[in-house]
Number of protein chains: 2
Amino acid sequence: MDKFYTITELTREFGVSTRTLRFYEDEGLINPERRGRTRLFRPADRRLIQEILRGRRIGFTIAEIRDIIRVYKDPPGEVGQLEMLMAKVSEKRDELRQKRRDIEETLAELDNVEEACLTRLAEIGVGT
Amino acid sequence: MDKFYTITELTREFGVSTRTLRFYEDEGLINPERRGRTRLFRPADRRLIQEILRGRRIGFTIAEIRDIIRVYKDPPGEVGQLEMLMAKVSEKRDELRQKRRDIEETLAELDNVEEACLTRLAEIGVGT
DNA sequence: GCGAAAATTGACTTATACGTAAAAGTCAAT
DNA sequence: ATTGACTTTTACGTATAAGTCAATTTTCGC
């Protein structure tokens, strides 16, 4: 098989621009192969992009996403580095839990907003 | 009672700068009273700031936060406006649910990262 | 009512995450 | 060899959400 994707195939699949994928490469998040100058994206690259976009959706910065990715490719060898990373992971986890709470609360609030809209619509409907 | 807060009390409580709160005022998110030129923040303003920061944490833009806030203050009177708002609410809800999924997945991944770190640490520890 | 501390304003700067334009290269098909 | 669709690189531009700085007020404690 040895399937690969072109850059535009992936931009279409994920709804991002070519600029975005090249930017991610510049930032060292992905490293597609080349045939001449043209990028060849392998399934592994594709999965990586999915991860990057997931990180992006929850508000991670490029640097943070890079840190997470790096653990897999190139796990740090020094104890100090490992401990720093674990501290960061712990911090991120707290942050994500906070975010999850925020989302729950905001979802509840959106329900209120919707209800307020419906009430208002009913008022208008009755009045006319 | 008629308690109020100064701007710095709130910056300390919420860990933001005075410039940030003034920025939110410029953007029409809050409207603290004035005694002379000095802002007086009432409990209602304080709650509003909590909401704004919650919105910020989950990645809403200022404009989106403003839209949500406006519904309470000044619910739209036209049917068209109401329907537009409800469509937005629905969209936001989908977005938040996606984000919640992303967070769950990333939390799971952070567990993996941590485990990888621990394994690596154990290896190093044994080796030396 | 005075002086330090706090608050205000405006103008400018910053960081992140791309967008956009220009100019040239690639490649398959005609 | 040319067309057309796609891709590349480089370089500069932009929007959002504040931060920084400096120059004034304003307020508070005594």
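Every chain is numbered from 1 and lettered A, B, ... according to where its sequence line falls, protein lines coming before strand lines.
Residue B:Phe60 contributes atom CZ, which lies 16 Å from atom C1' of D:dT16 at whole-angstrom precision. Between the CD1 atom of A:Ile7 and the C1' atom of D:dT8 there is a distance of 9 Å, rounded to whole Å. Taking atom CD of residue B:Glu25 and atom P of nucleotide D:dA18, one finds them 15 Å apart after rounding to whole Å. Going from atom CZ of A:Arg12 over to atom P of D:dT7 covers 7 Å, rounded to whole Å. As rounded to whole Å, 12 Å separates atom C1' of D:dT7 from atom CZ of A:Arg35. In this structure, the CZ atom of B:Arg22 is 16 Å from the C1' atom of D:dA17, given to the nearest Å. If you measure from atom CZ of A:Arg34 to atom P of D:dC6, you get 19 Å, rounded to the nearest angstrom.
Both B:Ile62 and B:Arg37 lie near DNA chain D, and the one whose nearest nucleotide falls closer to the 5' end is B:Ile62. Residue whose closest nucleotide on DNA chain D sits further toward the 5' end, between B:Arg19 and A:Leu40: A:Leu40.
The nucleotide range of DNA chain C contacted by chain B, defined by atoms under 4.0 angstrom from heavy atoms of the protein and reported 5' to 3', is C:dA7 to C:dA11.
Searching all strands for a Watson-Crick or G-U wobble partner of D:dT25 with both distances below 3.5 Å returns C:dA6. A 3.5 Å limit on both hydrogen-bonding distances identifies D:dT2 as the Watson-Crick or G-U partner of C:dA29.
For D:dA18, the OP1/OP2 oxygens have a side-chain nitrogen or oxygen of B:Tyr24 closer than 4.0 Å. Contact check, A:Thr18 against D:dC6: no side-chain N or O comes under 4.0 Å of OP1 or OP2. Within the structure, a side-chain polar atom (N or O) of A:Thr6 is placed less than 4.0 Å from OP1 or OP2 of D:dT7. In this structure, A:Arg39 reaches the D:dT9 phosphate: one of its side-chain N or O atoms is under 4.0 Å from OP1 or OP2. Between D:dT26 and B:Thr38, no contact under 4.0 Å exists linking OP1 or OP2 to a side-chain N or O. Here B:Arg56 reaches the OP1 or OP2 of D:dA18: one of its side-chain N or O atoms lies under 4.0 Å away.
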Report task. In sequence, state the C-alpha distance, the side-chain angles, and the governing distance for A:Thr11 and A:Thr8, and then conclude on side-chain hydrogen bond (donor to acceptor under 3.5 Å, both in side chains). Result -> CA-CA 5 Å; A:Thr11 62; A:Thr8 33; 5.3 Å; no

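Using a 4.5 Å heavy-atom threshold, the side chains of B:Glu33 and B:Arg39 count as separate. At a threshold of 4.5 Å between non-hydrogen side-chain atoms, the residues B:Leu21 and B:Glu25 do not count as touching. In this structure, the side chains of B:Phe14 and B:Arg46 come closer than 4.5 Å at one or more pairs of heavy atoms. Taking the side chain as every heavy atom from C-beta outward, B:Asp94 and B:Gln98 never approach each other to under 4.5 Å.
Salt-bridge formation is detected for the pair A:Glu104/B:Arg100: a Lys NZ or Arg NE/NH1/NH2 atom is positioned less than 4.0 Å from an Asp or Glu carboxylate oxygen.
Partner of A:Tyr24 under the side-chain contact (heavy atoms from CB on, under 4.5 Å) criterion, chosen from A:Leu53, A:Asn31, A:Asp45, A:Val16: A:Leu53.
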